[in-house]
Number of protein chains: 2
Amino acid sequence: MSATDQKQSPDTRERILDVAELLFMQHGFEATSMRTITGRAGVNLASVNYHFGSKEALIQEVFRRRLTWLNRERLRELDRLEREAKGAPLKPHLIVEAFFGVALRMAADTEHGGHTFMRLLGRTYTEPTEFVRNFLAEEYSAVVERFKEALIKALPGVPREEILWRFHFMLGAMSYAISGTDALKLVTECELDEKDPGALARRLMPFLLGGLRAPLAEPQAKQKNARKAA
Amino acid sequence: MSATDQKQSPDTRERILDVAELLFMQHGFEATSMRTITGRAGVNLASVNYHFGSKEALIQEVFRRRLTWLNRERLRELDRLEREAKGAPLKPHLIVEAFFGVALRMAADTEHGGHTFMRLLGRTYTEPTEFVRNFLAEEYSAVVERFKEALIKALPGVPREEILWRFHFMLGAMSYAISGTDALKLVTECELDEKDPGALARRLMPFLLGGLRAPLAEPQAKQKNARKAA
DNA sequence: GCTCGTTTCAAACAGGTGTTTGAATCATAC
DNA sequence: GTATGATTCAAACACCTGTTTGAAACGAGC
């Protein structure tokens, strides 16, 4: 009604988003029904359609709510770095820290749902559903473009393809680490998740940088792969 | 009926498994209905319950069918390496190549469905559904135990925790790379997927090894001094 | 011919899905 | 007070889900 119409239905919308975020993280999109969401949130079943229009739109809003902030923060960091560098190419580790550091810091925030969201996001990277993938790609396109550029400028002599693939691999390592599923029960013995939220970053970041800086493989002469033990 | 009762219903069972594998990979478990599976496979709706018992059992069989072979192959490789080493600790890169190499070779096989299956498997690592996670963990437990042991022996001086985490990170990088979703549309410009199936391995393996061997982070505030891994 | 165990089939079952509806409630402005 | 728009609510909608059923078809062995 008034110019500042953000405050309409102060509770319901936010409570739906919070509950949906948690349940989507725990059970996935398809396995989470609107009845479960609204039931857990203590609101009427119809209210999610009233406030968001559809389940699909709700899913998108769950992401948009935090993703725009996350990516804006990433760009702010990159802007700052490039401003300070005055045109000189950035050191790769600074770029990596800008991109993944923001995410890891958000993942370390267990108070305001950042942790929950990042686990959800990590899972969603491998989400098959088409509209989710398209939505994510669009939401990320600007950030990805900028960081790609920066990395390519920071690593002259390394083939562009190779850089993109390693960015890809870094993303995979992070998303799996953050999503925290640990399908193979590898690190369940190490508790640490709750105690020190920065611990994951201190473990992951060296791994990412080590992978990024690894020597390139021998360009396999032609196509047929000879069995070689090196 | 006879002692070799494997050949019963030669078509139906296998066709269901093939179609289910593909559809699960493309759309996920929940989003793939039995009617879609049986329809696409050209068999009756009831036949999946007849042959497998339930959808859940079908999912497990889709995995078991290839996973037992995959993990047996991994153990065979590791056995061979340890036999040749005669009790001496293995070089880390050999262990990594044994574990991930088998998977990458299977992912490179587009003829017999290995590619499809590995993409499905990569996705399933982050699958929220509980029974799938439990099933995977059990199916992997022996292999994981052996490779953990080998890596710990191969990297004396590196804290056990750190090794497990890096194994975890490597798994994430591989599963994301293999599942091939590329949620952020990072490497879509590089085609290469079809042309040379070994290319992914040649790109991924150096990344994994670089990550594994990366220097450990400075222990924040307290604890021991920094060391180099491997 | 017949029998018997296996496999297929169409139909139905019980319950869950996202969404819509139209009346009831609430809050605010006049 | 009443009028107005925003929100909530219980009920129903049409459709899809995995599973079951009992009869039909098949394929050997005799």
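The sequence lines fix the lettering, A, B, ..., with proteins before strands; numbering per chain opens at 1.
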**Study point:** Between C:dG18 (P) and A:I16 (CD1): distance, integer Å
**Key:** 13 Å
Study note, to complete from the structure: Side-chain contact check for A:T12: nearest option of C:dG18, D:dT8, D:dG18 is D:dT8
Practice item. Indicate yes or no: does B:R133 engage B:E127 in a salt bridge with an N to O separation below 4.0 Å. Key: no
Review point. To the side chain of B:S33, which of D:dT17, C:dT19, C:dT17 is closest?
Key: D:dT17
Review point. Taking atom P of D:dA25 as reference, at what distance in whole Å does atom OH of B:Y50 sit?
Key: 17 Å
Check your understanding: Any Lys/Arg nitrogen of B:K55 or B:E30 sitting under 4.0 Å from an Asp/Glu carboxylate oxygen of the other?
Key -> no
Practice item. Please state how far atom NZ in A:K55 lies from atom P in C:dT20, giving the value in whole angstrom units. Key: 15 Å
Practice item. Take atom CD of B:E30 and atom C1' of D:dT17, then tell me their distance rounded to the nearest Å. Key: 11 Å
Exercise for review: Give the rounded distance in Å between these two atoms: CD of A:E14 and P of D:dT7.
Suggested key: 14 Å
Point to revise | Comparing A:R35 and A:S47 on DNA chain D - which has the more 5′ nearest nucleotide | key: A:S47
Practice item. Using the closest heavy atom to pick a nucleotide of DNA chain C for each, name whichever of A:A31 or A:N44 lands nearer the 5' end. Key: A:A31
Practice item. If the plane angle is over 60° it's perpendicular, under 30° parallel, otherwise tilted; pick one for B:H168 and B:W165. Key: perpendicular
Revision key, fill the gap. Here the distance between atom P of D:dT17 and atom CG of B:N49, to the nearest Å, is 14 Å
Check your understanding: Can the positive tip of A:R166 be found less than 6.0 Å from the middle of the six-membered ring of B:F207, inside 45° of the ring normal?
Key -> no
Review point. Whole-Å distance between D:dT8 P and A:M34 CE?
Key: 15 Å
Review point. Should the pair A:Y125 and A:Y140 be assigned to parallel (<30°), tilted (30 to 60°) or perpendicular (>60°) ring geometry?
Key: tilted
Check your understanding: Of all the choices, C:dT7, D:dA10, D:dT7, which nucleotide is nearest to the side chain of B:H51 once you look at every atom?
Key -> C:dT7
Study note, to complete from the structure: Rounded to whole Å, the CG-C1' distance (B:D11 to D:dG27) equals 15 Å
Exercise for review: Just call it for A:T32: base, sugar-phosphate, or nothing, with non-hydrogen atoms closer than 4.0 Å on any strand.
Suggested key: sugar-phosphate
